Every structure is written in structure tokens, then in C-alpha cells.
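Take a look at the structure set out below.
Residue numbers count from 1 along this sequence. Just so it is clear, the model here is predicted, and its values are computed rather than measured.
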Amino acid sequence: MSLSVVPAAIDALLAILRTGLDPNDLTVLDGPTLNDVPEDVVFVGYQPGADAAVAVQQDFAYAGARRRDEEFEIHGLIESRSGDTDMAARRARAFEILGLIETALRATDAAPEAPTLNGTVLWAHLTAGSLLQDQTPDGAVVGLAWTISCRARI
């Protein structure tokens, strides 16, 4: 029996996003990177200044202590940048990408297991976001920190 489904859930989320988001348009990264990033990028398991990549809580599922419920939040970041100072365009793009992530987590005929992160959790859904904006010497940068909340039985 596994102590946690978090590693498998993150792997499943990465697979769903890498399949569901256009790789010509977006790069999906597992955690932070030391490399330069393209104009539009999705980080899974990373938010600048965050205390944790994933926050986890567990409790007994019922009397007898045979199973546990695990609730956790996977944190991530969308970053959209360009060489110009058009903040409105970057902001619109970041929210467009957030919509793509939310859509990728919905059940479809092609991906019926998406809301369960391919069966790793009971459910997962987008629950929070925070907008970050900055003008840098290289142009406008918009970050949109997001949280996907999950529940599993282990």
C-alpha cells in the first residue's frame, strides 16, 4: 500500500496537460527550471514564493484505520511573457491558458478519466488562482498561480 498518491497524481496531471494542451503553443514543465522559458509556459508543482509544491493532509477514512482519505492541493503557475509592454494581452493569454487547463481536467469521450487524474484520485478540480503582473526590462510578464484540489482514498 502506498503512503500517498501525490507522485502518481502529479505524473497523471503532467500527462493530461501535455496531451491536452497544444505543445506548439505551450510548454508544460514538471516543477521549476534553470533554463530560459518560452513566451507561454505552465509549471506543475511550482509557484514563486510558495511554501510547498503540494500541500497534503490525511485522516482515517472510517473506524478501523484500514483506509485513509488524502486531500491535497497541487500548485502551479502559468507564465506569459513577450518583448513588448502590452500587459492586457499577456493577462488575457494567461487566463486563456487557465481555461485550457480547466478544460483538460473535464471528462470527455476521449478522456473520461481526466477528472480523476487518470484514476489516481477520486476527483480533482481547479479551485484557486492568483494574478501576478510585472513590467521587466524584457517586457510584460504575467503569472497566474493556480491550485488544483484533489481527494483520494489510500
Ring pair (Phe, Tyr, Trp, His ring centres under 6.0 Å) pairs, two or more places apart, involving residues 66-117: none

Those residues that, when tested against E39, pass salt bridge (Lys or Arg N to Asp or Glu O under 4.0 Å) (two or more places apart): none

Common cluster, L98/L17, ILVMFWY with side-chain heavy-atom separation under 4.5 Å: yes

Let me have the donor-acceptor pairs involving side chains of residues 27-37, under 3.5 Å, with sequence neighbours excluded, atom names and distances please.
unit_1: T33; atom_1: OG1; unit_2: N35; atom_2: N; d: 3.1

With sequence neighbours excluded, residues passing salt bridge (Lys or Arg N to Asp or Glu O under 4.0 Å) with D69: R151, R153

Heavy-atom pair with the smallest gap, counting every atom of L3 and Q58: O-NE2, 2.8 Å

N/O donor-acceptor pair under 3.5 Å between E70 side chain and V5 backbone: yes

Side chain to side chain donor-acceptor pair (under 3.5 Å) partners of T19, counting only residues at least two apart: none

Distance-only polar pair, side chains of Q135 and T85, donor-acceptor under 3.5 Å: no

Connected via hydrophobic side-chain network under 4.5 Å: V141 and I97: no

Shortest non-hydrogen contact between V121 and P115, atoms and distance: CG2-O, 4.3 Å

Chi angles and distances behind the side-chain contact (heavy atoms from CB on, under 4.5 Å) call for V42, L100: CA-CA 11 Å; V42 175; L100 295 172; over 6 Å; no

Contacts of type side-chain contact (heavy atoms from CB on, under 4.5 Å), residue P48, not counting sequence neighbours: Y46, L77, L132

Residue pairs passing the side chain to side chain donor-acceptor pair (under 3.5 Å) test where at least one lies in residues 117-129, sequence neighbours excluded: T127-S149

Contact list for residues 81-92, test salt bridge (charged side-chain N to carboxylate O under 4.0 Å, His left out), sequence neighbours left out: D40-R90, E79-R81

I74 side chain near V6 side chain, heavy-atom distance below 4.5 Å: no

Gap separating the OG atom of S80 from the CD1 atom of I78, nearest 0.5 angstrom: 9.5 Å

For E113, salt bridge (Lys or Arg N to Asp or Glu O under 4.0 Å) partners two or more places apart: none

Shared hydrophobic cluster, L144 / L126 (ILVMFWY, side-chain heavy atoms < 4.5 Å): yes

Transitive ILVMFWY side-chain link I16 to F43, under 4.5 Å: no

For Q57, all residues meeting side-chain contact (heavy atoms from CB on, under 4.5 Å), sequence neighbours excluded: none

Nearest atoms (heavy-atom pairs only) where A53 meets G45: CB-O, 3.1 Å

same_hphob_cluster(V56, V44) at 4.5 Å side-chain heavy-atom cutoff: yes

Full working for side-chain contact (heavy atoms from CB on, under 4.5 Å) between I10 and L117: CA-CA 8 Å; I10 291 173; L117 299 181; over 6 Å; no

Pairs satisfying ring pair (Phe, Tyr, Trp, His ring centres under 6.0 Å), at least one member in residues 135-154, at least two apart: none

Pairs where residues 16-28 contributes a residue and the test salt bridge (charged side-chain N to carboxylate O under 4.0 Å, His left out) is met, not counting sequence neighbours: D25-R93

